[in-house]
Amino acid sequence: MAALALSWRTVWPYVLGTAVVAGLGGAGVWLWRAHRRERAGDAAWRVAEERRARELSMAAVDALSWQEFETYVAQLCVRDGCTEVHVSGRSGDLGADVVGRLPDGKRLVVQCKHYAPERSVGSGDMQKFVGTARPEHHADVALYVTTGRAFTRDAQGLALRNDIFAMHRDLLGSWVKGATLQSLLPLNGSGGGTGRRPRKP
């Protein structure tokens, strides 16, 4: 018994140290996992808040008339450094609702469609713009912007094949919130639910 007691007195600090280290290690892992969960939750919350903020802004855009929407898009172009911007504001404009020049001097032609949020742009609408943007209006950059949720697969395919930049509701929401037109153009319809990958600029 004496030998056992002596042995325990010798060993117990090591046993205690091992237990403390194990406990600290377990606590560290738990804290690390909790931190990761918190960061993931925070990231998801931020994404949700950004989408909500865009929708709050888009609610005001939805309340515009189609004429006011064209003027608003022109104002966004001017905000982003475009020059010589003007709104057609008339029937028979052949798809050129807004015309101007990008900061690099390229001619910009914009087709604006003020649609209900749940509506998609179909291939018929896109075909009309494809047929006029460059042949009639000599666009260097052709932009089709809509308040609708997406472009149909056929419309998106036409846009990609003909270098038409398709800006659906989500991308428009980002533009409204301060993203520049130049930063959004390369995205060309991505995220609109069509499943198609945008062509690289």
Closest non-hydrogen atoms of Arg149 and Glu118, given as atom of the first, atom of the second and distance, are NE-O, 3.0 Å
Would you mind reporting whether Gln182 and Pro103 have side-chain heavy atoms less than 4.5 Å apart?
-> yes
Between atom CZ of Phe129 and atom CD of Glu136, what is the distance when rounded to the nearest 0.5 Å?
-> 12.0 Å
Distance from Leu76 atom CG to Thr71 atom OG1, nearest 0.5 Å?
-> 11.0 Å
If you take all heavy atoms of Cys112 and Glu70, which pair is closest and at what distance?
-> CB-CG, 3.9 Å
Roughly how far apart are His168 NE2 and Asn188 CG, rounded to 0.5 Å?
-> 9.0 Å
Please answer whether the main-chain N or O of Val99 pairs with a side-chain N or O of Glu84 as donor and acceptor at a distance below 3.5 Å.
-> no
Distance in Å, Gln111 CD paired with Lys128 NZ, rounded so as to fall on 0.5 Å steps = 9.0 Å
Write down the atom of Cys77, the atom of Leu108, and the distance for their closest heavy-atom approach.
-> SG-CD2, 3.9 Å
Tyr115 and Asp125, any side-chain heavy atoms less than 4.5 Å apart = yes
When rounded to the nearest 0.5 Å, the distance separating CE of Met126 from CG of Asp154 is 11.0 Å
Side-chain donor or acceptor of His114 paired with backbone N/O of Val61 under 3.5 Å | yes
Have Asp97 and Trp66 got a donor and an acceptor in their side chains that come within less than 3.5 Å?
-> no
Working to the nearest 0.5 Å, report the span between SG of Cys82 and CD of Gln75.
-> 13.0 Å
Min side-chain heavy-atom separation Leu185-Leu143 under 4.5 Å = yes
When every non-hydrogen atom of Arg107 is compared with those of His138, the smallest separation belongs to CD-O, 3.3 Å
Under 4.5 Å between any side-chain heavy atoms of Ile164 and Arg134, yes or no?
-> yes
Side chain to side chain contact (heavy atoms under 4.5 Å, CB included) assessment of Val145 paired with Val110 = CA-CA 7 Å; Val145 57; Val110 186; 3.6 Å; yes
Derivation and outcome, side chain to side chain contact (heavy atoms under 4.5 Å, CB included), residues Leu172 and Thr146 | CA-CA 7 Å; Leu172 175 59; Thr146 179; over 6 Å; no
Any side-chain heavy-atom pair of Asp62 and Thr147 under 4.5 Å = yes
So, do Asp80 and Trp175 sit near enough that their side-chain heavy atoms are less than 4.5 Å apart?
-> yes
Looking at Lys177 and Ser57, what are the two nearest heavy atoms and their distance?
-> CD-OG, 3.2 Å
Side-chain heavy atoms of Val176 within contact of Tyr72, under 4.5 Å | yes
Between Thr152 and Ser120 the two heavy atoms that sit nearest each other are CG2-CB, 4.1 Å
